[in-house]
Amino acid sequence: MAAPCWRFAARPLWQKISGSVKFSASVKSVVRSVSSTPHTRGAQKPSPVSAASPWVLHGAVCLQRLPVISQDRSPVEQQFMDLMQQMELEKSLLSDHELRLLEDAERMSRKQEADYDSDEEEEYGGQEIVMAQDLEDAWEQKLKQFQPASRTKASDTTDVSSSERCLGDSLVLLVKQDVGSQRLWLLPQLPWEAGETLRQTAERALANLPDAELKAMFLGNAPCGFYKYKFPQNIQTESSVGAKVFFFKAVLSGGGHLPLQKDSIAWVRTDELQDYLKPEYLKQVKRFIMNL
């Protein structure tokens, strides 16, 4: 490495200057060649504006009324409950009332003995003695007068527009909507409008039910289901081929005023959905519905 440096230092001054000029000229030529390339090499061509989708977006809500009372026990559940109650009765200790019954029975047996001492009654201070058996008789009379409310009503099978039917089951809200020339049972839905989210569309679909003041709690911001269908041929256009429906879950938390037209709304059990919904539509709804 020392030899080249020594040779460069030993060169005359005019050779050093000429060499530097040649190097700078070569650099300029490279720079010019690079700068002279067109700027369009790295630029991307603007993509054409995508055409509007022929599918109309809809937001729908799957509103469920959860069970209000406990469901009826199955035969197996009833047998198991009877077994547990019998085991608890056999292994449990005597209650205060049961101990009092034994004391009363023992006192009555002593009264029937010949050597019974009546001074034992003085500890009650002349008060009227109420036997435990007398209390049981009074309680049984009150129990006979009590009439529990019926778990089912006669209107449970006839009036499907009431959210008070089938209190032991989970109900789903269905509405009748026009699809072309047909009037079908569907979950409440409305077309999406620009500037709102799909959840807001689903909330608007529930709020726009006629004369229905329903308070619901939506479960999340993301859709729980999706369904796509085509419009009838007579109403299809190039810009409107069909609808894409996004479902949102919600739980009834209050209200329940019904619309004036009772035939346009229905609260149905999950096992009754097949009587109202189309098979393909029902197949998608069953994927996200809560069976409680």
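The figures here come from the full heavy-atom set of this structure, side chains too, leaving out hydrogens, waters and symmetry mates.
Counting heavy atoms from C-beta outward, Lys244 and Val56 have side chains that stay 4.5 Å or more apart. In this structure, the side chains of Asp169 and Gln71 come closer than 4.5 Å at one or more pairs of heavy atoms. You'll find the side chain of Arg165 reaches within 4.5 Å of the side chain of Val160, heavy atoms only. Under the 4.5 Å side-chain criterion, counting only non-hydrogen atoms from C-beta, Leu209 is in contact with Leu173. Considering only heavy atoms from C-beta on, Glu136 comes within 4.5 Å of Leu101 through its side chain.
In this structure, the separation between NZ on Lys278 and CG on Leu186 is 10.0 Å, given to the nearest 0.5 Å. With rounding to the nearest 0.5 angstrom, the SG atom of Cys62 is 11.5 Å from the CG atom of Leu206. Here Leu273 contributes atom CG and Asp271 contributes atom CG; the two are 8.0 Å apart, rounded to the nearest 0.5 Å. For the atom pair CG (Leu102) and NE2 (His97), the distance works out to 10.0 Å, reported to the nearest 0.5 Å. Here the CD-CG distance, from Gln64 to Leu219, works out to 9.0 Å after rounding to the nearest 0.5 Å. With values rounded to the nearest 0.5 angstrom, Thr201 atom OG1 is found 10.0 Å from His58 atom NE2.
Ring geometry for Tyr276 versus Trp185: interplanar angle over 60°, hence perpendicular rather than tilted (30 to 60°).
Here the closest non-hydrogen pair linking Ala216 and Ala250 is CB-CB, 4.2 Å. Summarising the geometry of Pro67 relative to Ser170, their closest heavy-atom pair is CG-N, 4.0 Å, with the distance given to 0.1 Å. Here the shortest heavy-atom pairing between Gly59 and Ala205 reads O-CB, 4.1 Å.
Judged purely by atom type and a 3.5 angstrom limit, Ser161 has no side-chain atom pairing as donor or acceptor with the backbone of Ala266. The closest donor-acceptor contact from the side chain of Ser162 to the backbone of Asp159 lies at 3.5 Å or more, if one exists at all. With hydrogens and angles disregarded, no donor-acceptor distance shorter than 3.5 Å links the side chain of Gln177 to the backbone of Arg183. No donor-acceptor pair closer than 3.5 Å links the side chain of Gln182 to the backbone N or O of Val179. With hydrogens and angles disregarded, a donor-acceptor distance shorter than 3.5 Å links the side chain of Lys249 to the backbone of Phe288. One N or O on the side chain of Ser109 and one on the backbone of Glu106 form a donor-acceptor pair closer than 3.5 Å.
Within 6.0 Å of atom CZ in Phe80, 12 or fewer heavy atoms from other residues, nucleotides or ligands are found, so the atom counts as exposed in its surroundings. Within a 6.0 Å sphere centred on CG of Asp96, heavy atoms belonging to other residues, nucleotides or ligands number 12 at most. Surrounding NZ of Lys283 are at most 12 heavy atoms belonging to other residues, nucleotides or ligands under 6.0 Å away.
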CA sep, side-chain torsions, deciding dist, call: Asn221, Thr197, side-chain contact (heavy atoms from CB on, under 4.5 Å) = CA-CA 9 Å; Asn221 297 320; Thr197 63; over 6 Å; no
task = Could you check Phe248 against Cys224 for side-chain contact (heavy atoms from CB on, under 4.5 Å), going step by step and ending with a plain yes or no?
result = CA-CA 6 Å; Phe248 291 82; Cys224 61; 5.5 Å; no
query = So Arg100 and Met131, side-chain contact (heavy atoms from CB on, under 4.5 Å) or not? Walk me through it.
reply = CA-CA 8 Å; Arg100 183 176 176 182; Met131 307 293 291; over 6 Å; no
query = Yes or no on side-chain contact (heavy atoms from CB on, under 4.5 Å) for Leu174 and Ile265, after CA distance, side-chain angles and deciding distance?
reply = CA-CA 6 Å; Leu174 300 179; Ile265 188 174; over 6 Å; no
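Applying the salt bridge (Lys or Arg N to Asp or Glu O under 4.0 Å) definition to pairs two or more places apart or across chains, those involving residues 190-208 are Glu193-Arg204, Glu196-Arg204, Arg199-Glu203. Counting only residues at least two apart or in different chains, salt bridge (Lys or Arg N to Asp or Glu O under 4.0 Å) contacts with residues 63-91 comprise Asp72-Arg151.
Residue Tyr229 is not grouped with residue Trp55 when hydrophobic side chains (ILVMFWY) are merged at heavy-atom distances under 4.5 angstrom, including chains of intermediate members. No continuous path of ILVMFWY side-chain contacts below 4.5 Å connects Leu190 to Leu63, so the two sit in separate hydrophobic clusters. Linking Ile, Leu, Val, Met, Phe, Trp and Tyr residues whenever their side-chain heavy atoms come within less than 4.5 Å leaves Trp139 and Leu99 in two separate clusters. Under the 4.5 Å side-chain heavy-atom criterion for grouping Ile, Leu, Val, Met, Phe, Trp and Tyr, Leu198 is connected to Phe218 within one hydrophobic cluster. When the side chains of ILVMFWY residues are joined at heavy-atom separations under 4.5 Å, either directly or via intervening members, Val76 and Met81 end up in two distinct hydrophobic clusters.
Under the side-chain contact (heavy atoms from CB on, under 4.5 Å) rule, Leu277 has a single partner from Leu184, Leu282, Val268, Leu187, which is Leu282. When each of Leu252, Leu171, Val251 is paired with Leu66, the side-chain contact (heavy atoms from CB on, under 4.5 Å) condition holds for Val251 and for no other.
Look at Arg269 and Glu272 and you find a salt bridge, because one of the NZ, NE, NH1 or NH2 atoms lies within 4.0 Å of a carboxylate O, short of that distance.
Taking the six-membered ring where the residue is Trp, the centroids of Tyr281 and Tyr227 are separated by under 6.0 Å. A distance of 6.0 Å or more separates the ring centres of Phe226 and Phe247.
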